[in-house]
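All chains are named by letter (A, B, ...) in the order of the sequence lines, taking the proteins before the strands, and each is independently numbered beginning at 1.
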Amino acid sequence: MPIKIASWNVNSIKIRAETVADWLREAQPDVLCLQELKCEDRNFPQTIFEDLGYNLALYGQKTYNGVAILSKWPISDISRGLPTFADDDQSRYIEAVIGLPNTAARVASIYLPNGNPPDSAKFDYKLRWISALRDHAANLLAYEEPLILAGDYNVILSEADVHDPEAWREDALFRIESRHGLRSLLHLGLRDAIRLCSDEPGLYTFWDYQAGAWQKNNGIRIDHLLLSPEAAGRLRRAGIDKYVRGREKPSDHVPVWASLH
DNA sequence: ATGCCGGGCGAAGCCCGA
């Protein structure tokens, strides 16, 4: 059963609802993980997505953060927040089981903290959050089932994933502590879907609104789909829908997707 | 070049993102 799953930081779902709906009609993913809703659940523009045939699992928040899972297949076992991070007051993690015709896949939508500046409590929060995510991922991997951890990780894994590495060297997204944190998830056995399909440099998912970053292709790759071995074994293709960044009123991130059979 | 854009909140200007 082929399934296409995508992740997209939309930078406000209320502003971006029509943009997201347009892309859903074009790309036809079975599952879309959203981040940075900046919206409480009761204000989520749900009918526009329900009309396109999607079920919704929401974990919103006013002004900041907020994550969701949209699925054409039934959604069950929804859980909100990382169970390994007690008292997190930010909506950054939602997980659910997607019921496919002959199997099921566990999916999470993740909005990992930015962490800048790196000498602040925000960076400490980022590192603690990654550590909690790793602990939870280790627990989920014990189920030995198709698992997709999708989201905005706010971590650049390697120099191939950033246009100007020196400019980002001391940024919280590229600091070695952040990279080690995300690598620790890979060391559990999770695989980066894009890197299973391509080793070419310059594959980016984010371009800053400022300083002509898009026009100069001054981008970074920080949105990732991490797959359990059971999901990675079914991977057929993965890609980044870069063209979306060139449209009117774009998010600064673009969708990243993978198709599994 | 760490606020150049863009969004939220709320009704001007500040907070935040990456």
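For dG6(B), the OP1/OP2 oxygens have no side-chain nitrogen or oxygen of K38(A) closer than 4.0 Å. Between dG6(B) and R16(A), no contact under 4.0 Å exists linking OP1 or OP2 to a side-chain N or O.
The side chain of A211(A) approaches dC4(B) more closely than any other nucleotide in the set dC4(B), dT2(B), dG17(B). Closest to the side chain of Y64(A), out of dC4(B), dC16(B), dG6(B), is dC16(B). Minimum atom distance to the side chain of T63(A) is reached by dC9(B), of the listed dC9(B), dC4(B), dT2(B). The K249(A) side chain lies nearest to dG7(B) when the options are dG7(B), dC9(B), dG6(B).
Atom P of nucleotide dT2(B) and atom CZ of R175(A) are separated by 15 Å, given to the nearest angstrom. Here the P atom of nucleotide dC5(B) and the CZ atom of F206(A) are 14 Å apart, to the nearest Å. Distance D208(A) CG to dG6(B) P: 10 Å, rounded to the nearest Å. Here dG8(B) presents its C1' atom at 8 Å from NZ of K14(A), a figure rounded to the nearest Å. For the pair H253(A) NE2 and dG6(B) C1', the computed distance is 12 Å after rounding to whole Å. N65(A) places its CG atom 12 Å from the P atom of dC9(B), with the value rounded to the nearest Å. Remark: P of dA1(B) and CD of E170(A) are 15 Å apart, rounded to the nearest angstrom. Atom CD in Q61(A) sits about 18 Å away from atom P in dC15(B), given to the nearest Å.
Both I13(A) and G212(A) lie near DNA chain B, and the one whose nearest nucleotide falls closer to the 5' end is G212(A). Looking at which nucleotide of DNA chain B each of I222(A) and L37(A) is closest to, the 5′-most match is held by L37(A).
Counting non-hydrogen atoms under 4.0 angstrom, K126(A) reaches nothing in the nucleic acid. Contacts of N9(A) with the nucleic acid, taken as non-hydrogen atoms under 4.0 Å apart, involve only primed sugar atoms and P, OP1 or OP2. Across all strands shown, D152(A) has heavy atoms under 4.0 Å from sugar-phosphate atoms exclusively, and none from any base. Base engagement by N116(A) is indicated by at least one non-hydrogen atom pair under 4.0 Å involving a base atom. Y153(A) comes within contact range of no nucleotide atom at all, as no heavy-atom separation falls under 4.0 Å.
Here the side chains of C33(A) and V107(A) are in contact, with some heavy-atom distance below 4.5 Å. Within the 4.5 Å cutoff, the side chain of V155(A) has heavy atoms near those of the K126(A) side chain.
Looking only at distances, a side-chain donor or acceptor of R234(A) sits under 3.5 Å from a matching main-chain atom of H261(A). Looking only at distances, a side-chain donor or acceptor of R179(A) sits under 3.5 Å from a matching main-chain atom of L157(A).
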Side chain to side chain contact (heavy atoms under 4.5 Å, CB included) between L196(A) and D192(A), worked out: CA-CA 6 Å; L196(A) 288 174; D192(A) 174 353; over 6 Å; no
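When the C1' atom is compared between dG3(B) and dG13(B), the two are found 14 Å apart, to the nearest whole Å. Rounded to whole Å, the C1' atom of dA1(B) lies 30 Å from the corresponding atom of dA11(B). One C1' atom belongs to dG10(B), the other to dC15(B), and the distance between them is 13 Å to the nearest Å. Taking atom C1' in both dG7(B) and dA12(B), the straight-line distance is 16 Å, to the nearest Å.
A salt bridge links D161(A) and R195(A); the closest N-O separation between the charged side-chain nitrogens and carboxylate oxygens is under 4.0 Å.
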